[in-house]
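The structure under discussion appears below in the form of structure tokens.
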Amino acid sequence: MSDLLHAPVVWFTGLSGAGKSTIAKRVADELRESGVGIEWLDGDEVRSILSPDLGFTRADRDLQVTRLGYIASLLARNGVVTIVSAISPYEESRKRALEMCHRSVLVHVDAPLSVLEARDTKGLYRRAREGSLLGLTGVDDPYESPLDPDLRIDTSSMTIDEAVAKVLLALTPQEARIG
Ligand SMILES: Nc1ncnc2c1ncn2[C@@H]1O[C@H](COP(=O)(O)OS(=O)(=O)O)[C@@H](OP(=O)(O)O)[C@H]1O
Ligand SMILES: Nc1ncnc2c1ncn2[C@@H]1O[C@H](COP(=O)(O)OP(=O)(O)O)[C@@H](O)[C@H]1O
């Protein structure tokens, strides 16, 4: 298929509460306003519709990441810029998913665990500390930081606006329809 048709897949990985969805939504809104055809696949939402069969074992998370990568590759090869936000904690399955996509931008959204525990917008960290939630990524389940992300964004030291600008700059002017 012609390179011209392929749009990028922008993949946000990181712990719960790091800011993946917040930044992804803002990037999606900005691109849409510029007239770019975009779709946003959020881990939580895709789980509720396409992956209600999956939990949070390694095998289930790997399958979720494969499903996300496959859908993203289908959209992107038809010219739709595709934004994925999912914890996607394992290097191997994350890499395999991105390999399905012709062009990808991997963004590691990061912040110290102490900051995430203070934010705790969903109450997951409190539940994990109390022992009523087992297997929360970063607490008692692994997170493998990407070895070679295209971007690393520390949301404890960067504002949402700065993070969005940094992601948009990683796209070519043609992809972002600017300039
Ligand atoms: N045990 C455990 N660990 C991690 N996350 C948990 C867990 N239980 C529920 N949740 C909720 O599931 C959301 C993560 O779904 P993902 O599909 O992104 O996860 S994964 O990529 O399959 O690891 C995650 O969303 P975010 O907070 O937006 O990251 C949580 O809302
Ligand atoms: N610099 C920042 N970038 C992104 N989110 C931030 C930042 N500073 C504070 N936040 C807040 O952190 C929370 C991140 O939640 P969310 O985007 O749902 O994370 P995730 O999708 O990674 O689970 C939001 O309440 C957001 O307003």
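Start at 1 and go down the list; that is how both ligands and their atoms are numbered.
- For atom 23 (O) of ligand 1, the nearest protein heavy atom (residue, atom name, distance) is Arg61 NH1, 2.8 Å.
- Protein heavy atom at the shortest distance from atom 15 (O) of ligand 1 is Arg47 NE, 3.2 Å.
- Set against the non-hydrogen atoms of Lys20, the atoms of ligand 1 under 4.0 Å away are 29 (O).
- Ligand 2 lies out of reach of Ala163, whose nearest heavy atom is not under 4.0 Å from it.
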> Does the pair Arg126 and Glu130 meet the rule for a salt bridge (charged side-chain N to carboxylate O under 4.0 Å, His left out), with working shown?
Replying inline: CA-CA 6 Å; Arg126 181 184 47 77; Glu130 287 171 357; 3.3 Å; yes
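- When side chains are defined from C-beta on, Met158 does not count as touching Val109, because their heavy atoms never get closer than 4.5 Å.
- For atom 5 (N) of ligand 2, the nearest non-hydrogen atom of the protein is Gly19 CA, 3.8 Å.
- Annotation for ligand 2: atoms under 4.0 Å from non-hydrogen atoms of Ala18 are 19 (O), 22 (O).
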>> Working note: Arg67 + Asp60, criterion salt bridge (charged side-chain N to carboxylate O under 4.0 Å, His left out); need CA distance, chi angles, decisive distance, verdict.
In response: CA-CA 11 Å; Arg67 288 177 185 174; Asp60 282 2; over 6 Å; no
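- Checking Thr137 against Arg61 by side-chain atom types alone, a donor-acceptor pair falls below 3.5 Å.
- At a heavy-atom distance under 4.0 Å, only side-chain atoms of Gln64, from C-beta outward, approach ligand 1.
- With a 4.0 Å cut-off on non-hydrogen atoms, Ile153 does not touch ligand 2 at all.
- With hydrogens left out, the protein atom closest to atom 9 (C) of ligand 1 is Phe56 CZ, 3.4 Å, a heavy atom.
- Residue contacts with ligand 2 for Glu162 are absent, since no atom lies close enough (heavy atoms, distance under 4.0 Å).
- Residues Val105 and Ala170 share a closest heavy-atom pair of CG1-CB, 4.1 Å.
- Asp44 places none of its side-chain heavy atoms less than 4.5 Å from the side chain of Ser21.
- In the hydrophobic clustering of ILVMFWY residues, with side-chain heavy atoms under 4.5 Å counting as a link, Val36 and Val27 come out together.
- Side-chain contact between Asp42 and Lys25 is absent, with no heavy-atom pair separated by less than 4.5 Å.
- For the residue pair Ser51/Gln64, the side-chain donor-acceptor check at 3.5 Å is satisfied.
- For Arg119 and Tyr125, the positive end is not near the middle of the six-membered ring at less than 6.0 Å and at most 45° from its axis.
- A distance-only check finds a donor-acceptor pair linking the side chain of Arg94 to the backbone of Ser88 [under 3.5 Å].
- When non-hydrogen atoms are compared, ligand 2 lies under 4.0 Å from the side chain of Thr121 (C-beta onward) but not from its backbone.
- Side chains of His108 and Arg152: a donor-acceptor N/O pair is present below 3.5 angstrom, by distance only.
- Leu98 places none of its side-chain heavy atoms less than 4.5 Å from the side chain of Lys95.
- Judged by the shortest distance from any of its heavy atoms, Ser16 lies inside the 4.0 Å radius around the atoms of ligand 2.
- At the top of the distance list for atom 5 (N) of ligand 1, counting protein heavy atoms only, stands Ile87 CD1, 3.5 Å.
- Of all the atoms in ligand 2, the ones that sit under 4.0 Å from a non-hydrogen atom of Thr159 are 1 (N).
- The N/O atoms of Thr22, backbone and side chain alike, include one that comes under 3.5 Å of an N/O atom in ligand 2.
- The ligand atoms of ligand 1 that sit less than 4.0 angstrom from a heavy atom of Ala86 are 18 (O), 21 (O).
- Residue Ser16 has at least one heavy-atom neighbour below 4.0 Å for each of these atoms of ligand 1: 26 (P), 27 (O), 29 (O).
- For ligand 1, the atoms sitting less than 4.0 Å from at least one non-hydrogen atom of Gly43 are 17 (O), 18 (O), numbered in the order shown with element in parentheses.
- Across Gly69 and Ala97, no two heavy atoms sit closer than the pair CA-CB, 3.9 Å.
- Proximity of Leu15 to ligand 2, defined as any heavy-atom pair under 4.0 Å, is confined to the backbone N, CA, C and O atoms.
- Only the side chain of Arg119 comes within 4.0 Å of ligand 2, judged by heavy-atom distances.
- Heavy atoms of Gly17 come nearer than 4.0 angstrom to ligand 2 in at least one pair.
- For the pairing with Pro8, the side chain to side chain contact (heavy atoms under 4.5 Å, CB included) check across Thr172, Leu171, Ile83 returns one residue only, Leu171.
- By heavy-atom distance, the residue among Asp154, Val164, Ile160 lying nearest atom 4 (C) of ligand 2 is Ile160.
- Here the heavy atom of the protein found nearest to atom 21 (O) of ligand 2 is Ser21 OG, 2.6 Å.
- Residues Thr159 and Asp161 have side chains that never bring a donor and an acceptor to within less than 3.5 angstrom of each other.
- Close contacts between ligand 1 and Thr137 involve ligand atoms 3 (N), 4 (C) [criterion: under 4.0 Å to a heavy atom].
- Closest to atom 24 (C) of ligand 1 among all protein heavy atoms lies Asp44 OD1, 3.9 Å.
- Using a 4.0 Å cut-off to heavy atoms of Met158, the atoms of ligand 2 that qualify are 1 (N), 2 (C).
- Among protein heavy atoms, atom 31 (O) of ligand 1 sits closest to Lys122 NZ, 2.9 Å.
- Counting only heavy atoms of the protein, atom 2 (C) of ligand 1 lies nearest to Gly135 O, 3.6 Å.
- Counting heavy atoms from C-beta on, the side chains of Val65 and Arg96 never come closer than 4.5 Å.
- Checked by distance only, ligand 1 and Ser85 stay at 3.5 Å or farther apart across all their nitrogen or oxygen atoms.
- Closest to atom 30 (C) of ligand 1, if we only count protein heavy atoms, is Leu124 CD1, 3.6 Å.
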